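One structure is given here, and the rest of the page talks about it.
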Amino acid sequence: MDSRLLKPYNPKETEERIYKLWEDSGFFNPDKNTNPDAEPFTLIMPPVNANGSLHAGHGLILTIEDVMVRYKRMRGFKTLWLPGLDHAGFETQVVYEKKLEKEGRSRFEIEPKQLYKEILDFTLANSTNIKSQIRKMGASCDWGREKFTLDPDVVKTVHQTFERMYDDDLIYRGKRIISWCSKHQTSFSDLEIKDEERTDDFYYLKYGPFTIGTARPETKFGDKYVVMHPDDERYKEYKEGQKINLEWINGPIEATVVKDDSIDKEFGTGVMTITPWHDTLDFEIAERHKLDKEQVIDENGKLLPIAGEFAGQHIKKARPLIIEKLQKKGLVEKIDTSYKHVVRTCYKCGTIIEPQIKSQWFVKMKPLAEKALEKIENGEIVYIPEHYKKITVHWLGNIMDWNISRQIVWGIPIPAKICKECSHGMVDIGEKITKCKKCDGEVEKDNDTFDTWFSSGQWPFVTLGYPDSPDFKKFYPTDVMETGGDIIFFWISRMIMLGLYVTGKIPFKTVYLNGMVLDAKSQKMSKSKGNVIDPLVLTEKYGTDAFRMGMVVGNTPGTSLALAEERIRGYKNFANKIWNAARFVLDNTKDFKIPTTPPYDEEDKKSDEELKNLITEITTEIDEYKFYIVAEKLYHYFWHTFADIIIERSKKKIAENKNADGAKALLYTHLETLLGALHPFMPFITEEIWQIIKSRRKVGTPTETSGLLMVEQWPFDSAQGKPKSI
RNA sequence: GCGCGCUUAGCUCAGUUGGUAGAGCAAUCGCUUUACACGCGAAAGGUCGGGGGUUCGAGCCCCUCAGCGCGCACCA
């Protein structure tokens, strides 16, 4: 017997050695791992955030993708799994800002170029680490094609897309109301906002003859329009455009009556004043009626001179003081202290979002969404699980324009010039524009960067070298896009829209969305709760194969996974079982050559048939992306049929030398077949045993292949419908 | 408010055209059996959230109620 089998299975030592064997073989590269005419199978890895460490969610994503890829490779497809790293724009900038904070520095004191360089160094220093962690998961991706989201060719393509969309009138620069985080000093798209339910005070204030309701008295300084529904009987004596002189916070003002359908007669008193600069609804009313807009709060959340004596104060501190003053003036009618409403906050720091009017770049989403909807509703993109299709259709049907400008340095610069006079925006890729095309005024460089999703939304075709590279022609559209269901809008839907727009084709045929990985008690993992499970700790302890099985078995797509350590431990035991079964089989089939027609007795024939049926079954199920059931079936069959029944009964046959040859042949073909079928799920241990088998093979036995299980044929996948014999 | 899910054994979850319920882990009992105690054998465990309907027959289809989770939304 091979001396390696006498020792217990040692994942740590084995995994490193086996991964090197695979990587050195070159078979991660689709140009080498199969015949040149084979049909391609392409999967682009969601770019992993380069600044951090692998988390449990990555563990799940990498496992599922590797299962798909290894299976397809064994089926003989020209299989490409393209790995990537993500600069992760705002995410990374936030991480780096926290680091600066600890060092007593601030991003606002650092020169932008210097800051960019620091974050780049920080990210690159981490990227080696993250890549080695991806390898530890057993990921059989083609490192030769690795991409980083800030690679020059990526930037180039993203710039070209920007220009093309601008020329096609799909991108515009507009002075519109945007969501602003006063801590991070940047705007967001509507997706980066987290809604939070709160109970706050709601104030009823006397505004001339009216009583208005507001939760935000600190915005009210400039309010000079009073709005009501045109059909509201209570206020029919007031006519549109009517001027009313009244006493307000800082003295007498002249208010103008406005009638608008968007007012809810049932809410509050049915009358409100508007603050177009700091409220979306108010902004829209002001746009409709062409009303003045005035800024009240600055970008740091402090009141501007319009607030009179309150100018310079932070809104948080000013609110009670303003109410105090209003009370003294007798303008507070009542305060409702149990007003429940939803507050929009920054998804990173929880700071209340302050809407501001700013000039930014926006993408017109409607035309893009309509094309995507058509393809999705036609069934050209398959969603797994299916209900994500409904969610996507709903979102695309109600889509808003997308603000892609971010006021941070860490990202792809927006190649544009802005006119200092008329604030007209012009795309300027080669820094050629020196005067405003509209008014001939002086221009300045746009210092903003793109929303990171604007570039990652182009990932499938960018990574493949759109438009001219042979890879693009061969591998695009890709087959599967697999990632967490939580980024279905951020990423998946935008990839569909941008892919369709740029290449005219859907970027992928199937979307597979996995759920979240939660802790053992089904709670979200978070640093503050202290319940974060590090996948690398688990692989270290139980082996990567065990971890992978824990990720796959029973884990249906889209459903969250409660990650309990016992779960992983169970599959470590399984690895041990495989190891020992292999030891038994190999020990009992020494010097045994399988006859072309093995002399099976009746029960052997039945078992042989059962195995074939199992493989046929699971092959169909893998094709249907039901990995959760396949892994479980293999586990169950290996343990409770192969080990418990077939191995057990063979002991007697071999000892008594009764039907021994049939029994040995059955043991052997079972082991070999099951190793192949298990390989996508448990690549390391199956490959290790395969290598031991191979080294034992005698001269003259078929070894035309590389000898790596990774590129062996999937069991029963040959014309004969039989497993290969050795 | 709108949308999408979930509710099956103590726990985590399967259950593919409707035919009297399955797995893993945990718990129980017994085993130093010559591949494996990271093991072997045995047994135990559920009125499939409540109610109603369709059907010869429902965990699976329809209606309704309740609880939980998630997403979207400009109600001042």
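Quantities reported herein were computed from a predicted structural model and do not represent experimental measurements. Lettering of chains follows the sequences in order, A, B, ..., and the numbering in each one begins at 1.
For B:C4, the OP1/OP2 oxygens have no side-chain nitrogen or oxygen of A:K389 closer than 4.0 Å.
Only one option out of A:K364, A:R176, A:K366 pairs with A:D401 in a salt bridge (charged side-chain N to carboxylate O under 4.0 Å, His left out); it is A:R176.
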If you look only at distance, which donor and acceptor atoms sit under 3.5 Å apart when one is on a side chain in residues 385-399 of chain A and the other is two or more places apart or in another chain?
from   : atom 1 : to     : atom 2 : distance (Å)
A:T392 : OG1    : A:Y388 : O      : 2.7
A:N398 : ND2    : A:H394 : O      : 2.7

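Between B:C48 and B:C61, the distance separating the two P atoms is 15 Å to the nearest Å. A gap of 13 Å separates the P atoms of B:C6 and B:C13, to the nearest Å. To the nearest whole angstrom, the two P atoms, one in B:U54 and one in B:U17, are 24 Å apart. Taking atom C1' in both B:G39 and B:U55, one finds a spacing of 49 Å when rounded to whole Å. When the P atom is used for both B:A76 and B:U7, the distance is 35 Å, rounded to whole Å. Rounded to whole Å, the separation between the P atoms of B:U8 and B:A44 comes to 23 Å. B:G1 and B:G59 have their P atoms separated by 33 Å, with the value rounded to a whole Å. Across the C1' atoms, B:G67 and B:G49 are found 8 Å apart, a figure rounded to whole Å.
Residues passing the side chain to side chain contact (heavy atoms under 4.5 Å, CB included) test with A:D190 are A:M400, sequence neighbours excluded. Every residue two or more places apart in sequence or in another chain that forms a side-chain hydrogen bond (donor to acceptor under 3.5 Å, both in side chains) with A:N531 is listed here: A:D519. Judged as a side chain to side chain contact (heavy atoms under 4.5 Å, CB included), and not counting sequence neighbours, the contacts of A:F490 are A:L191, A:E192, A:W453, A:I487, A:R494. Residues that satisfy the side-chain hydrogen bond (donor to acceptor under 3.5 Å, both in side chains) test with A:E687, not counting sequence neighbours, are A:W22, A:Q691. With sequence neighbours excluded, no residue satisfies side chain to side chain contact (heavy atoms under 4.5 Å, CB included) with A:P320.
Remark: side-chain polar atoms of A:W491 are not paired, donor with acceptor, to backbone N or O of A:P46 under 3.5 angstrom.
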- [ ] List the protein contact pattern of nucleotides 26-42 of chain B with one symbol per nucleotide (5' to 3'): B for base contact, S for sugar-phosphate-only contact, - for none; contact means a heavy-atom distance under 4.0 Å.
- [x] ---------BB-BSSS-
TODO: At under 4.0 Å between heavy atoms, which parts of nucleotides 10-15 of chain B does protein reach? Answer with one letter per nucleotide, 5' to 3': B base, S sugar-phosphate only, - none.
DONE: --SSSS
TODO: Determine, for nucleotides 70-76 of chain B in 5'-to-3' order, which nucleotides have protein heavy atoms under 4.0 Å from the base (write B), from only the sugar-phosphate (write S), or from neither (write -).
DONE: -S-BBBB
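Computed from coordinates, the A:Y388 OH to B:C6 P distance equals 11 Å when rounded to whole Å. Atom P of nucleotide B:G3 and atom OH of A:Y383 are separated by 20 Å, given to the nearest angstrom.
A side-chain donor-acceptor contact under 3.5 Å links A:T273 and A:K220. Side chains of A:T556 and A:T559: a donor on one and an acceptor on the other come within 3.5 Å. Remark: the A:S338 side chain and the A:D336 side chain contain an N/O donor-acceptor pair separated by less than 3.5 Å.
Taking the six-membered ring where tryptophan is involved, the planes of A:Y625 and A:F627 are perpendicular, since the angle between them exceeds 60° and thus also 30°. A:Y238 and A:Y235 have tilted rings, their planes meeting at an angle from 30° to 60° on a 0 to 90° scale.
Ion pair A:K265/A:E233 not flagged as a salt bridge, since none of the NZ, NE, NH1 or NH2 atoms sits closer than 4.0 Å to an Asp/Glu carboxylate oxygen. Looking at A:K194 and A:E196, no side-chain N of the basic residue comes within less than 4.0 Å of a carboxylate O on the acidic one, giving no salt bridge.
Two residues are said to be in side-chain contact when any heavy atoms from C-beta on lie closer than 4.5 Å; A:F592 and A:D661 meet this criterion.
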Open item on the list: Wobble G-U and Watson-Crick pairs count when both distances are under 3.5 Å; given that, what is the 5' to 3' dot-bracket string of RNA chain B, with | for pairing to other strands?
Closed with: (((((((..((((........))))..((((.......))))......(((((.......))))))))))))....
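Note on A:Y635: only backbone sugar-phosphate atoms sit closer than 4.0 angstrom, heavy atoms only; bases stay farther off.
Sorted by first and then second residue, the pairs that involve residues 560-573 of chain A and meet side chain to side chain donor-acceptor pair (under 3.5 Å), not counting sequence neighbours, are A:K541-A:E565, A:Y542-A:E565.
Taking every heavy atom of residues 510-519 of chain A and every atom of RNA chain B, no pair lies under 4.0 Å.
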